[in-house]
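This report refers to the structure that appears directly beneath it.
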Amino acid sequence: MTSNPSAIDFPAPAQSVEKAAQSIIAVRDLVHRYQDRTALNGVSFDVRAAELFGLLGPNGSGKTTLFRILSTLMVPTSGGATIAGFDAVRQPGALRRHIGVVFQAQSVDPKLTAYENLWHQGHLYGLRGPELKTRIHEILTRVGLLDRSADRVETFSGGMQRRIELAKGLLHHPEVLLLDEPTTGLDPGARRDVWQYLQILRDQEHVSVIVTTHLMEEAERCDRLAILNEGNLVALGTPEALTREIGGDVILLEARNPQTLAERIRNKFQIDASVMDNQVRLEIENGHRFVPDVVEAFPGEIQSLKVSKPTLEDVFIHRTGHRFWSEDAEMRPETGKKKSKKN
Amino acid sequence: MATQSATFAATAPASAGVLLPAFTLWWREVVRFYRQRARVVGVIASPLLFWIVIGSGFGTSFRSGQAAGQQHYLNYFYPGTLVMIVLFTAIFTMMSVIEDRNEGFLLSVLVAPVPRAAIVLGKVLGGTTLAAAQGLIFLVFAPLVGVHMTAASFGLIVLTVFLVSFALTALGFAIAWPMDSTQAFHAIINLFLIPLWLLSGALFPLSGASGWIRGVMYANPLTYGVEALRTLMYPEAPSAFSLTASILTLVLFALFMFGLAFVLANRRTTKPAA
């Protein structure tokens with residue numbers, strides 16, 4: 001792992017040098033600007049072989065831009081990325097052979113049957129004849145849709161269509177699977193299926209999976225995470241290491257006048273208390289011991305109080321100073337693309 | 001890197017080449033079309049209606065000019081209608097480029113190790129097949145308008161229809177490729193493609209046009225398609241160009257349009273692909 005001059009100091013990375021040597025994706029100082037906006041501002045990280053790697057960030061954080069660059073759909077303004085040793089900018093043709101891509105939008109043709117979709121996909125990768133036929137049967141069995149192979153995809157449920165998308169991306173045995181918010185629009189059951197399947201892929205077929213998401217509970221299932229905010233990498237590490245770094249507990253206090261309360265807590269206890277959404281928020285070790293003290297200290301001022309273990313959202317707040325779903329971030333168009341409709 | 005390539009060779013050949021991806025894209029285009037019944041009906045029925053209504057109406061109102069000889073207007077209008085069928089099928093088929101882009105299908109093709117030439121070739125040949133097939137189906141009415149084809153003239157008609165289909169599909173591809181909305185595509189059709197057809201000699205003969213209109217008609221590649229078909233269908237009717245000149249012009253038109261489509265599709269940009 002090379003050090004990146006523009007990077008924020010990462011939370012003590014747990015990876016050793018030997019492990020980094022197995023990296024299958026290397027992203028270096030990636031910068032991308034749309035006409036008026038910087039979508040990626042010098043992002044660097046590595047993904048290791050057979051790792052389930054998450055890109056977590058709110059809308060407009062740059063994760064879709066990053067996904068487009070890695071999948072060779074777009075050339076970055078500067079910096080570079082390699083997958084399986086191939087350069088995404090200079091060797092797109094060779095690189096494409098090694099990646100499977102699952103888009104957020106539906107890429108299967110609803111007018112074709114499941115089998116026909118995969119047959120078509122196989123041809124794009126140079127697979128043909130009996131070999132292709134065998135592989136289609138294998139992958140349809142894998143995603144549990146062999147019995148629907150002759151049905152048109154338009155008759156499938158959302159979850160089944162997603163599984164066909166996955167089958168499409170995996171048909172040619174890619175070493176790396178890139179997925180852009182693969183569970184968008186799925187019910188919780190189908191969501192869980194997709195994630196279970198990704199874990200199976202990693203464990204049994206040693207596929208490196210890189211997945212973008214804006215859902216904390218999905219991010220927690222990843223081996224490692226890169227958290228993006230406004231085009232910057234704000235955190236990198238395992239979900240456990242990232243949350244552990246907060247240290248102790250997160251306490252949220254509701255008060256009539258949160259600004260004054262925060263001020264007074266800072267003065268009295270010498271800890272960093274911030275105000276967010278009209279709540280006083282502080283990170284402290286052994287939160288349960290602090291609770292009686294703070295209630296005692298400001299009688300009548302605290303209306304409610306919540307102690308919790310830090311989540312990835314707390315990591316995000318800790319790193320950026322604002323909430324994951326701030327209104328500001330939600331208003332921003334996802335990646336500066338012209339059309340706003342996006343499923 | 002070498003070992004990765006080696007392990008990969010076992011499952012997938014080094015390159016898919018051009019022909020297999022082009023074939024599969026062509027195949028999809030054709031299958032998709034015939035699975036949408038309304039499209040099939042619309043493409044055949046509407047020009048037929050157009051031909052009969054406009055042809056009959058104009059025929060009685062105008063009694064076509066001296067250039068069309070003693071021909072009834074329905075007969076004069078017949079090759080132009082065929083070109084219209086081809087134009088509509090070719091252009092509307094390429095609207096699928098925009099739909100594919102918006103739906104995500106195109107993205108999955110773009111990230112596959114497929115040369116862009118194969119994508120253009122597959123899509124354009126798919127549209128060409130559909131357009132040419134529709135055009136040739138319309139030939140069943142030929143005996144009704146006094147067209148007697150020999151094997152040779154039939155062969156040349158097929159060739160002409162193929163060339164016009166190919167050129168117009170490639171044109172449609174080139175227009176659709178940079179677009180992200182079908183509404184904009186419709187605007188272009190109304191603004192540009194309908195006039196292109198109106199000024200192709202389909203409705204009124206070259207000799208009847210005057211001044212700048214005539215100039216535009218000479219510069220319009222579709223004119224050569226209509227003229228070639230008319231010469232082949234009505235050998236005794238007067239014609240502005242020789243058949244060879246018309247067909248050569250069509251070949252150049254087709255090559256130019258395919259080149260344009262290829263150049264547009266081959267750009268890699270820093271802008272989002274969809």
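Every heavy atom of this structure was used, including side-chain atoms; hydrogens, water molecules and symmetry mates were not. Lettering of chains follows the sequences in order, A, B, ..., and the numbering in each one begins at 1. Just so we're clear, the structure is a prediction, and the values are computed from it rather than from any experiment.
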Does any heavy atom of chain A fall under 4.5 Å from the side chain of B:Val111, the backbone, both, or neither of them?
both
Looking only at non-hydrogen atoms, find the nearest pair between B:Pro21 and A:Leu124 and report the distance.
CB-CD2, 4.0 Å
Based on non-hydrogen pairs under 4.5 Å, which of A:Val101, A:Val108, A:Leu178, A:Leu112 is most in contact with chain B?
A:Leu112
Less than 4.5 Å apart, side chain to side chain, heavy atoms only: is that true for A:Ser107 and B:Leu107?
no
Portion of A:Arg152 that has a non-hydrogen atom of chain B nearer than 4.5 angstrom:
side chain
A:Asp109 CG to B:Asp100 CG distance, which is reported to the nearest 0.5 Å
7.5 Å
Can you measure from NZ (A:Lys168) to OG (B:Ser108) and round to the nearest 0.5 angstrom?
3.0 Å
Measure from the ring center of B:Phe105 to the ring center of A:His120 and say whether it is less than 6.0 Å.
yes
Applying a strict 4.5 Å limit to non-hydrogen atoms, the region of B:Leu25 in contact with chain A is both
Which class fits the ring pair B:Trp27 and A:Trp119: parallel under 30°, tilted 30 to 60°, perpendicular over 60°?
perpendicular
Which heavy atom of A:Gly93 sits nearest a heavy atom of B:Pro113, and at what distance?
O-CB, 3.9 Å
Should the heavy atoms of other residues, nucleotides or ligands under 6.0 Å from CZ of B:Phe154 be counted, would the total exceed 12?
no
Basic-acidic side-chain contact under 4.0 Å: B:Arg35, A:Glu116:
yes
State, to 0.1 Å, how close B:Gly104 and A:Phe103 come at their nearest heavy-atom pair, and which atoms those are.
O-CD1, 4.5 Å
